[in-house]
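Order of the sequence lines sets the chain letters (A, B, ...), proteins ahead of strands, with each chain counted from 1.
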Amino acid sequence: MDTVFYYSGFYLSLIMLLSLYRAIFGPTVLDRLIGVNAIGSKTTVLLVLVGLIYGRVDMFVDIALAYALLNFIAVLAASRYFQKKRGLFEEKPPV
Amino acid sequence: MGKDFQPTSRNAPSEENPSKTSRAKRFGATFILSFVILFVVWIIFSGRFDGFHITLGLISSAIVAAFSGDLMFTSHEPRGIFRLWIRLFAYIPWLIYQIFLANLHVMYLVFHPKMMELINPQIIEFDSELKSDYARTTFANSITLTPGTITVNVTVLGRFSVHCIDDKSGQALPGDMESKIVKVFPE
Amino acid sequence: MKIIVMILLFSGLAFFTGGSIGILRLPDFYSRLHPAGKLDTAGQLLTLSAIAVFVLQDFSLHNFLTATKIVLIVIIVYITSPTATHAIVDAGVRAGLKPWTKEDQS
């Protein structure tokens with residue numbers, strides 16, 4: 001069973017790389033925000049999986065809970081901050 | 001989601017006739033309810049049952065409940081709230097089933113090779129007959145949780161703007177979900 | 001019991017895969033929110049419940065508390081995820097981003 005969890009965690013990190021593409025190359029700022037949100041929701045699961053692999057689920061569950069709350073607050077604060085028009089449209093290529 | 005709403009006038013009659021005893025009773029009921037909830041959450045999170053931790057939990061949940069108990073249950077009379085929660089818990093399994101069905105539909109769309117021809121993003125608008133803030137918030141959150149539809153805006157008059165990813169997800173609105181929520185929150 | 005855990009875990013991972021590929025493939029920001037917000041939430045529900053079932057296999061009070069905490073994570077995610085999605089949509093609407101429609105394609 002441990003190997004299953006090990007490979008699931010590995011697979012989750014690979015999927016996070018896919019979301020990272022959107023977080024890095026997204027055309028607008030909100031696209032990057034979506035990418036960061038997706039990575040955060042996967043990290044919550046990954047933390048509990050890491051806890052299972054280490055045999056300390058009770059400790060890692062608390063960290064995962066705090067991470068879920070932090071992810072929510074980060075997305076909320078960032079989207080409130082970017083409500084102004086500044087920086088929301090297609091970014092200009094660097095000159 | 002409720003930031004555009006005007007405050008409802010449900011508490012108006014009790015405001016006009018502020019008898020001290022009813023207000024004290026109301027405060028006591030909300031205090032006890034939020035205290036019990038907070039203490040249960042404390043016990044689950046702490047996981048220790050010795051006297052020191054239990055005392056700490058009692059003190060801190062009492063302080064938090066005294067300060068913010070009236071924030072958690074604003075517009076509902078404390079008497080009907082248990083029945084409301086029971087109806088809400090009966091609604092949740094149906095919602096999860098709907099979420100699962102719609103998830104499979106979005107999965108099919110995403111993995112389809114000709115996805116760009118299948119999707120048809122659009123914003124549809126419809127009027128809802130729900131009146132209270134709680135009912136509208138529950139409805140908007142249910143719409144957002146169901147994949148394929150995202151609530152963009154809700155006006156004060158109850159007009160919903162919903163972003164749909166294709167025609168099939170949009171046709172189901174408001175539909176069953178609204179009638180279920182009307183049953184949960186009777187006016 | 002092991003089979004239930006495996007089925008839940010792998011279906012959750014499938015939902016996560018769908019979410020990530022949807023974020024990459026869909027044309028604009030509004031439609032990208034559909035897989036990002038929802039498929040990930042469903043994936044979290046399935047994988048976390050798989051882990052909760054696995055933890056509850058040898059039952060004790062300690063394990064029961066851990067499983068309850070995992071259920072609380074799922075509840076918190078299900079309350080906060082629509083709010084976060086709505087915040088992002090609202091930011092986009094207020095900034096004046098136009099939704100992508102089929103007519104824009106040609």
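There is no contact between L14(A) and chain C, counting heavy-atom distances below 4.5 Å. Looking at L48(C), the atoms closer than 4.5 Å to chain A (heavy atoms on both sides) all sit in the side chain, from C-beta outward. For L12(A), the part lying near chain C is the side chain, with the backbone staying farther off; criterion is any non-hydrogen pair under 4.5 Å. Using a 4.5 Å cut-off between heavy atoms, V57(A) contacts chain C through both its backbone and its side chain.
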Show which side-chain atoms of residues 39-52 of chain A pair as donor or acceptor with protein atoms under 3.5 Å away, not counting sequence neighbours.
from, atom 1, to, atom 2, distance (Å)
S41(A), OG, A38(A), O, 2.9
S41(A), OG, D40(C), OD2, 3.2
K42(A), NZ, A38(A), O, 3.4
K42(A), NZ, D40(C), OD1, 3.4
K42(A), NZ, D40(C), OD2, 3.1
T43(A), OG1, I39(A), O, 2.6
T44(A), OG1, G40(A), O, 3.1

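Contact of the L18(A) side chain with the F16(C) side chain is not registered, since no non-hydrogen atoms from C-beta on lie closer than 4.5 Å. Counting heavy atoms from C-beta on, the side chains of T17(C) and Y11(A) come closer than 4.5 Å. Looking only at side-chain heavy atoms (C-beta outward), L65(C) and D58(A) stay at 4.5 Å or farther from each other. You'll find the side chain of K2(C) stays beyond 4.5 Å of the side chain of V4(A), heavy atoms only.
When each of L65(A), I73(A), V75(A) is checked for heavy-atom pairs under 4.5 Å with chain C, L65(A) comes out on top. Across L76(A), N37(A), D62(A), the residue that shares the most heavy-atom pairs under 4.5 angstrom with chain C is D62(A). Note: L33(C) leads T41(C), L33(C), V55(C) in heavy-atom pairs under 4.5 Å with chain A. Most heavy-atom pairs under 4.5 Å with chain A, from the set L39(C), T85(C), I21(C), L9(C): that is L9(C). Residue with the most contacts toward chain A among L13(C), N63(C), L72(C): L13(C) (heavy-atom pairs, distance under 4.5 Å).
Across every non-hydrogen atom of K69(C) and V61(A), the tightest pair is CB-CG1, 3.4 Å. Taking each heavy atom of R80(A) and D90(C) in turn, the nearest pair found is NH2-OD2, 3.5 Å. A68(A) and V77(C) get closest at one heavy-atom pair: CB-CG2, 4.3 Å.
The CZ atom of R32(C) lies 13.0 Å from the CG atom of L33(A); values are rounded to the nearest 0.5 Å. I76(C) contributes atom CD1, which lies 5.0 Å from atom CG of L69(A) (distance to the nearest 0.5 angstrom). To the nearest 0.5 angstrom, S79(A) atom OG is 6.0 Å from I88(C) atom CD1. Rounding to the nearest 0.5 Å places OG1 of T80(C) at 8.0 Å from CG of N71(A). Annotation: the span from L30(A) atom CG to Y30(C) atom OH amounts to 8.5 Å, rounded to 0.5 Å. Here the straight-line distance linking atom OH of Y21(A) with atom OG of S20(C) works out to 14.0 Å at 0.5 Å rounding.
Other residues, nucleotides and ligands contribute at most 12 non-hydrogen atoms within 6.0 Å of the OH atom of Y54(A). Atom CG of L61(C) has more than 12 heavy atoms from other residues, nucleotides or ligands within 6.0 Å.
Residues satisfying the ring pair (Phe, Tyr, Trp, His ring centres under 6.0 Å) test with F5(A), not counting sequence neighbours, are F54(C).
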